[in-house]
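Contents: one structure, followed by commentary.
We count ligands from 1, going down the list as the structure has it; atoms in each ligand are counted the same way.
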Amino acid sequence: MTELTEIPPIAFAAFASLSDADCHARIVAARASLGDKAVILCHHYQRAEVYQYADLTGDSLRLARLASATNAEYIVFCGVHFMAEVADIMSGPGQIAVLPDLAAGCSMADMANLAKVERCWRELAAVLNAEEQVTPVTYINSAADLKAFCGRHGGIVCTSSNARAIAEWAFGQREKILFFPDQHLGRWTGHGMGIPFDEMPVWDPDLENGGLTPEQIRQARLLLWKGHCAVHQMFQPAHIHKFRAEHPDGLVISHPECCFEVCQLSDHVGSTEHIVKIVKDAAPNTRWLVGTELNLVNRLAGEVKEQGKIAQFMSPIVCMCSTMQRIDPQHLAWTLENLAAGHVVNRIAVPEHEAVPARLTLERMLAAS
Ligand code: 13P
Ligand code: SF4
């Protein structure tokens, strides 16, 4: 363990007006001084100016596995809050997860919270035997206390790359699933398992009984929480129709956070890691329309250009994940310099009473996927 110094932490104000070029030299120096005491994990949506410093990259599932496998004392997470929480939960007792900017949250994750999910559970329990009939499944894009909720109620976590396998696991436990917070991933997964739409009603947490009748609740197999990712709602069926009309041989790939119609019109649907792999492995000179965040698409387009492949963004409107964008070279330089000086800034530490049941659900997920 690093010995903490007596010198106070360096304030962020000193970094706010640095240019990216100034940050570069300081990031490289701090990184070198930390050596293998630190590892920088980057999600695929990170901007290029940050992504260049990644030691390891991936989608949420891969990053969760990498966080549980690293021995580094400091896990510097260039992603969003729930990802750093997962890194903290899955790493060992002497390891520290750090999020360079605490404002890097996930607006979809914020669409469910413990009070609302507990109220939903009580309302379900008034109609059904919830503990015996419903498996709660939380998308990994959720706060640690919701993962803990699933741990306490026999539930599990899923990501965009294992949702089908996890739903199969969940149905193996109980006859119904309560899926939160992303209705679109839930619906696409349920559709792939042959569940009709009328057995996948939307649970609106702002309405009494989710806005459903007792009969609808009893009939439901998959209850879909009314949450969504604003970035992925920008992609529309019209964008795919236009692309297909202009490029009949073109291929379409989307993230399952897109709406059902976009997923249905796509040739491939999968996690960010899956999207990167499919396009990179595709035949030379193919053209792709990609329905996910812009930083990923721009990077991918550059990487496949040499093979004559074109990867183009699905929406005519620029839509980035504004919370992922919060991580910039200035915050990364500030974080690394503090760590190199023995000061932990922006630590993400999940309290033990949440971390224990949350770890259980994450371990269940890794075993089932
Ligand atoms: P992936 O797990 O596919 O990387 O998705 C994370 C995410 O937040 C997509 O919006
Ligand atoms: Fe959350 Fe959407 Fe950003 Fe993914 S793209 S981190 S779901 S807000």
Region of His43 that comes within reach of ligand 1 [heavy atoms, distance under 4.0 Å]:
side chain
Classify the contact between Glu293 and ligand 1 as side chain, backbone, both or neither, using a heavy-atom distance cut-off of under 4.0 Å.
neither
Heteroatom distance test (Glu257, ligand 1): nitrogen or oxygen, under 3.5 angstrom:
yes
Are the aromatic ring centres of His191 and Phe260 under 6.0 angstrom apart?
yes
At under 4.0 Å between heavy atoms, is it the side chain or the backbone of Met108 that contacts ligand 1, or both, or neither?
neither
Return the orientation label for the His247 and Phe243 ring planes: parallel under 30°, perpendicular over 60°, tilted otherwise.
tilted
Close approach of Glu293 to ligand 2, heavy atoms, under 4.0 angstrom
no
Looking only at distance, does Ser271 have an N or O less than 3.5 Å from an N or O of ligand 1?
no
Cys106 N/O/S atom closer than 2.8 Å to atom 3 (Fe) of ligand 2
no
Aromatic ring centroids of Tyr51 and Tyr45 under 6.0 Å?
no
Heavy-atom distances under 4.0 Å decide this one: backbone, side chain, both or neither, for His255 against ligand 1?
side chain
For Val252 and Arg244, what are the C-alpha separation, side-chain angles and deciding distance, and is it a side chain to side chain contact (heavy atoms under 4.5 Å, CB included)?
CA-CA 9 Å; Val252 181; Arg244 294 217 189 270; 3.5 Å; yes
Taking the six-membered ring of Phe171 (Phe, Tyr or Trp), confirm whether the NZ or CZ of Arg221 is under 6.0 Å from its centre and within 45° of its axis.
yes
Would you find a donor on one side and an acceptor on the other, under 3.5 Å apart, between the side chain of Asn162 and the backbone of Thr159?
yes
Taking 4.0 Å as the limit for heavy-atom contacts, which would you say applies to Asn141 with ligand 1: side chain only, backbone only, both, or neither?
side chain
Do you know which of His232, His255, Glu257 makes side-chain hydrogen bond (donor to acceptor under 3.5 Å, both in side chains) with Thr292?
His232
Ligand-residue contact atoms, ligand 1 with Ser60, heavy atoms, under 4.0 Å:
1 (P), 2 (O), 4 (O), 5 (O), 6 (C)
Which of these, Cys229, Ser160, Ala109, has its nearest heavy atom closest to atom 1 (P) of ligand 1?
Ser160
Between Phe15 and Arg26, is there a cation-pi geometry (under 6.0 Å to ring centre, at most 45° from the normal)?
yes
Using a heavy-atom cut-off of under 4.0 Å, does the side chain or the backbone of Thr159 touch ligand 1, or both, or neither?
neither
Give a yes/no answer: is there an N/O/S atom of Cys229 under 2.8 Å from atom 2 (Fe) of ligand 2?
yes
